[in-house]
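Report on the following structure.
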Amino acid sequence: MRLTNFFLSTLREAPADADVVSQKLMLRAGMIKKLAAGIYTYMPMGLRSIRKIEKIIHEEMAAAGAVELLMPVIQPAELWMETGRWQKYGPELMRVKDRHGRDFIVQPTSEEAVTDIARNEIKSYRQLPVNFYHIQTKFRDERRPRFGVMRGREFTMKDAYSFDRDEAGAAKSYDAMFAAYQRIFTRMGLTFRAVKADTGAIGGSRSHEFQVIADTGEDAIAYCPASDYAANIELAEALPLLASRAAPRQAMVKTPTPGKAKCDDVATLLDLPLAQTVKSIVLAVEKVNENGDPLPAEVWLLLVRGDHELNEIKAGKIPGLGKGFRFATEAEIVEHFGCKPGYLGPIGLKKPAQLAVDRTVANMSDFISGANEEDFHFTGVNWARDLPEPALVADIRNVVVGDPSPDGKGTLAIQRGIEVGHVFYLGTVYSAPMKATFLDENGKPQLLEMGCYGIGVTRLLGASIEQNHDDKGIIWPDAIAPFEVVICPLGYDRNEAVRAAADHLHKELIAAGIDVVLDDRGERPGVMFADWELIGVPHRITVGDRGLKENNVEYQHRRDEKATVVPVPVIAHLVKSKIARLASPKGETA
RNA sequence: CGGGGUGUAGCGCAGCCCGGUAGCGCGCCUGGUUUGGGACCAGGAUGUCGUAGGUUCGAAUCCUAUCACCCCGACCA
């Protein structure tokens with residue numbers, strides 16, 4: 001590709017509304033252009049990377065036996081009513097009406113559409129298993145789109161859906177997708193980790209997220225360096241930190257703690273470890289009577305240790321909180337505790353509240369909690385003696401660094417990640433309400449067993465940049481770089497020898513199957529170098545008059561400090577050997 | 001959704017308080033000189049000052065409404 005036949009527009013300064021480094025760099029490198037909040041045009045340079053990501057996905061999906069189809073972006077509301085998601089999805093689901101006033105949605109995902117295909121097309125067990133996928137535009141009307149293409153409203157996703165005759169078959173399909181995902185992200189040159197993920201309302205154990213490791217990631221991952229345990233922090237099990245409860249040693253004392261509303265402040269004031277304090281969190285569950293009229297909310301008190309944090313996903317698994325909860329209002333708190341937030345505790349409530357206690361708290365003794373009186377805490381609080389044994393003990397906190405690993409093989413570490421893929425066993429969650437069945441050998445209808453598997457194609461662009469950049473710009477892995485190699489001739493517009501050598505090298509690299517761009521603008525070297533370092537093309541060849549006199553050019557990888565002098569006759573071979581291309585899968589792919 | 005902020009040239013910004021007919025840097029165009037790390041000189045083009053009302057002889061500037069965008073808030077007693 002000659003640059004003058006392509007399109008390039010780089011910016012020296014990033015638009016002021018860009019918030020994360022990947023978004024700034026993509027805007028500056030001219031890869032994307034913002035059209036509206038969370039909605040981007042993929043400019044030619046950015047689209048090249050997207051196409052390379054898609055190509056790798058297509059190859060690996062085919063190798064894993066998945067079949068491509070293409071389902072519509074606009075889907076009729078009826079389909080979404082069948083599964084109840086028309087009601088359940090909320091404002092994130094983009095709803096539109098056609099000219100006749102009929103309801104449609106802009107797809108955020110395609111379970112309904114694909115299950116509709118399956119129930120119409122799959123009639124016999126002989127057609128199973130089958131795995132349909134597409135790469136298609138999605139729309140999720142995020143409350144607050146941000147982080148550029150990593151949390152956009154419109155984005156491109158690969159979504160695959162497997163159909164099997166039974167759970168054992170579905171498990172096989174799941175494993176095949178899991179393996180394909182590992183190959184996909186490996187080929188893309190990303191550092192990633194597959195982690196256990198929350199399965200939400202669907203339940204079961206089969207759900208993994210693929211997280212690209214990056215400090216700026218939105219997700220926290222707990223993993224055990226001594227074993228292969230890794231889980232999203234939403235899910236990672238927090239074991240009790242105290243094996244058993246020690247006998248009380250202190251009397252319960254009401255202690256003045258004026259103005260100390262946080263556990264941290266109380267511990268500092270009393271010169272006691274934060275781990276001796278207990279944090280009180282008040283939740284509320286909306287209630288309605290049989291006519292659907294609102295009743296006063298049910299108030300819950302949750303206790304975690306002062307240095308721990310509540311995990312809302314885990315709390316949602318407590319019976320009674322499962323149908324949804326919110327943080328209590330100050331009015332509700334005052335009504336039940338007779339006290340403003342900051343001094344709340346489980347002793348001396350004005351009105352009873354449901355109590356749920358973290359496993360670690362349940363084994364604490366001589367602990368500190370709020371006294372339900374402004375500016376006072378209790379110290380030396382003990383279960384059984386000062387308040388009843390907790391009836392409801394559960395894992396309701398986030399794990400922290402140093403916690404014992406749930407597999408018993410060491411302690412947990414935490415790192416941040418960007419979720420770029422998710423594999424999920426669905427069972428019959430969609431096939432049952434949509435009555436998607438097939439006939440088994442006995443001619444009996446059976447529900448299809450499903451799994452779904454997503455990859456955020458456009459999010460991968462951002463995730464790769466978050467993981468690979470420096471102060472000059474992007475550093476693409478070879479496999480998804482918009483170009484693998486750039487030739488920068490010094491004086492292309494005015495030096496015959498340079499132009500001839502650059503043109504010749506350009507042709508030679510094309511012939512060698514390398515994705516190369518020739519910067520034939522005749523720009524000054526500083527401009528060229530700055531542009532290509534910003535864009536992040538991994539391999540650069542500089543052709544200059546000076547070197548050509550000795551029949552040399554220069555090679556520099558984007559991560560290299562300095563250029564290497566290379567004789568002209570060997571440069572093509574050298575570059576080819578430098579490009580780390582993991583082989584495409586053999587067999588069925590083109 | 002609640003609070004805060006910002007909308008002025010392709011990008012980054014000043015001008016607004018104190019009303020007088022719009023400016024700077026980068027980029028862009030023309031010519032020249034340059035040419036191994038974002039060159040220099042000379043000349044030039046580009047704005048319905050987010051939108052709609054209002055006040056005024058006169059509004060980017062003051063007032064009202066509206067839209068868009070950004071930030072903070074949803075681990076907290």
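The structure displayed is predicted, hence computed values, not measured ones. Both backbone and side-chain heavy atoms feed into the values below; hydrogens, waters and symmetry mates do not. Residue numbers start from 1 in every chain, and the chains themselves are labelled A, B, ... in the order their sequence lines are given, proteins ahead of strands.
- Taking only side-chain atoms of Thr542(A), from C-beta outward, the nucleotide of C11(B), G38(B), G36(B) with the closest atom is G36(B).
- Following rounding to the nearest Å, Ile313(A) (CD1) and A74(B) (P) show an atom-to-atom distance of 16 Å.
- Within the nucleic acid shown, Leu27(A) has no heavy atom closer than 4.0 Å to any nucleic acid atom.
- With hydrogens and angles ignored, a donor-acceptor pair closer than 3.5 Å exists between the side chain of Glu554(A) and the base of G36(B).
- G54(B) and A59(B) have their P atoms separated by 12 Å, given to the nearest Å.
- The CD-P distance, from Glu13(A) to C11(B), rounds to 12 Å in whole Å.
- Within the structure, no pair that satisfies the side chain to side chain donor-acceptor pair (under 3.5 Å) test touches residues 271-284 of chain A, not counting sequence neighbours.
- No contact: Arg146(A) has no heavy atom under 4.0 Å from any strand.
- As rounded to whole Å, 12 Å separates atom C1' of U35(B) from atom CZ of Arg546(A).
- Each of Thr329(A) and Gly522(A) lies near RNA chain B, and the nucleotide nearest Gly522(A) is the one positioned closer to the 5' end.
- The base of G38(B) sits with one of its N or O atoms less than 3.5 Å from a complementary donor or acceptor on the side chain of Asp531(A).
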side-chain contact (heavy atoms from CB on, under 4.5 Å) assessment of His308(A) paired with Asn398(A): CA-CA 7 Å; His308(A) 290 155; Asn398(A) 281 334; over 6 Å; no
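- Taking a pair to require two hydrogen-bonding distances under 3.5 Å in either a Watson-Crick or a G-U wobble arrangement, G43(B) pairs with C29(B).
- In this structure, Asp17(A) places its CG atom 7 Å from C1' of C70(B), rounding to the nearest Å.
- The separation of A22(B) from G50(B), taken at their P atoms, amounts to 15 Å, rounded to a whole angstrom.
- Under a 3.5 Å cut-off, the side chain of Gln211(A) and the backbone N or O of Ile418(A) do form a donor-acceptor pair.
- Between Tyr343(A) and Phe378(A), the ring center distance fails the sub-6.0 Å criterion.
- A donor-acceptor contact under 3.5 Å is formed by the side chain of Arg540(A) with the base of G37(B).
- Look at Lys340(A) and Asp375(A) and you find no salt bridge, because none of the NZ, NE, NH1 or NH2 atoms lies under 4.0 Å from a carboxylate O.
- No engagement by Gly491(A) is indicated, since no non-hydrogen atom pair under 4.0 Å with the nucleic acid exists.
- One donor-acceptor pair, N or O on each side, does fall under 3.5 Å between the base of G37(B) and the side chain of Glu533(A).
- Nucleotides G3(B) and A39(B) have their P atoms positioned 48 Å apart, rounded to a whole Å.
- Partner Lys317(A) forms a side chain to side chain donor-acceptor pair (under 3.5 Å) with one of Asn311(A), Asp198(A), Asp395(A) and no other, that one being Asp198(A).
- Figure legend. C13(B) is base-paired to G23(B); pairs are counted as Watson-Crick or G-U wobble with both atom distances under 3.5 Å.
- Closest to the side chain of Arg494(A), from the set U35(B), G36(B), C69(B), is U35(B).
- Summarising the geometry, the separation between CG on Leu283(A) and C1' on A74(B) is reported as 12 Å, rounded to the nearest angstrom.
- Minimum atom distance to the side chain of Glu312(A) is reached by A74(B), of the listed G38(B), G36(B), A74(B).
- Per the geometry, CG belonging to Asn552(A) stands 18 Å off P belonging to G36(B), to the nearest Å.
- Note: CG (Asp19(A)) to C1' (C71(B)) measures 9 Å, nearest angstrom.
- Looking at the side chain of Arg153(A), the nearest of the listed nucleotides C75(B), G37(B), C69(B) is C69(B).
- When heavy atoms are screened at a 4.0 angstrom cut-off, Lys262(A) is found touching the sugar-phosphate backbone but no base atom.
- For the OP1/OP2 pair of A39(B) and a distance below 4.0 Å, the side-chain nitrogens and oxygens of Arg524(A) include at least one atom meeting the criterion.
- Rounded to the nearest Å, the gap between the C1' atom of C29(B) and that of G15(B) is 27 Å.
- Side-chain contact between Glu484(A) and Val516(A) is absent, with no heavy atoms from C-beta onward closer than 4.5 Å.
- What separates NZ of Lys33(A) from P of C11(B) is a distance of 6 Å, to the nearest Å.
- With a 4.5 Å cut-off on side-chain heavy atoms, Ile281(A) and Trp300(A) do not count as touching.
- Of all nucleotides present, none satisfies the Watson-Crick or G-U wobble test against U61(B) with each distance under 3.5 Å.
- Across all strands shown, C69(B) forms a Watson-Crick or G-U wobble pair with G5(B), both key distances being under 3.5 Å.
- Residue Val527(A) is the one, among Lys34(A) and Val527(A), whose nearest nucleotide of RNA chain B lies closer to the 5' end (criterion: closest heavy atom).
- Closest approach to the Pro525(A) side chain among G36(B), G38(B), C75(B) is made by G36(B) (side chain taken as heavy atoms from C-beta onward).
- By the 4.5 Å heavy-atom criterion applied to side chains, Trp476(A) and Pro482(A) are counted as neighbours.
- Comparing C26(B) with G73(B), their C1' atoms are spaced 36 Å from each other, to the whole Å.
- The residue Arg28(A) sits close to a base: some heavy atom pair falls under 4.0 Å.
- Only the P atoms considered, C40(B) is 33 Å distant from C49(B), to the nearest whole Å.
- Among the heavy atoms of the strands lying under 4.0 Å from Val282(A) is at least one base atom, whether or not backbone atoms are also near.
- Pairing for C49(B) is absent, judged as Watson-Crick or G-U wobble with the two contacts each under 3.5 Å.
- Spacing between C11(B) and G27(B) at atom C1', rounded to whole Å, works out to 8 Å.
- Nucleic acid contact class of Pro341(A) (heavy atoms, under 4.0 Å, all strands): base.
- Between A9(B) and G23(B), the two C1' atoms lie 11 Å apart (nearest whole Å).
- Residue Gly370(A) is out of contact with every strand shown, counting any heavy-atom pair closer than 4.0 Å.
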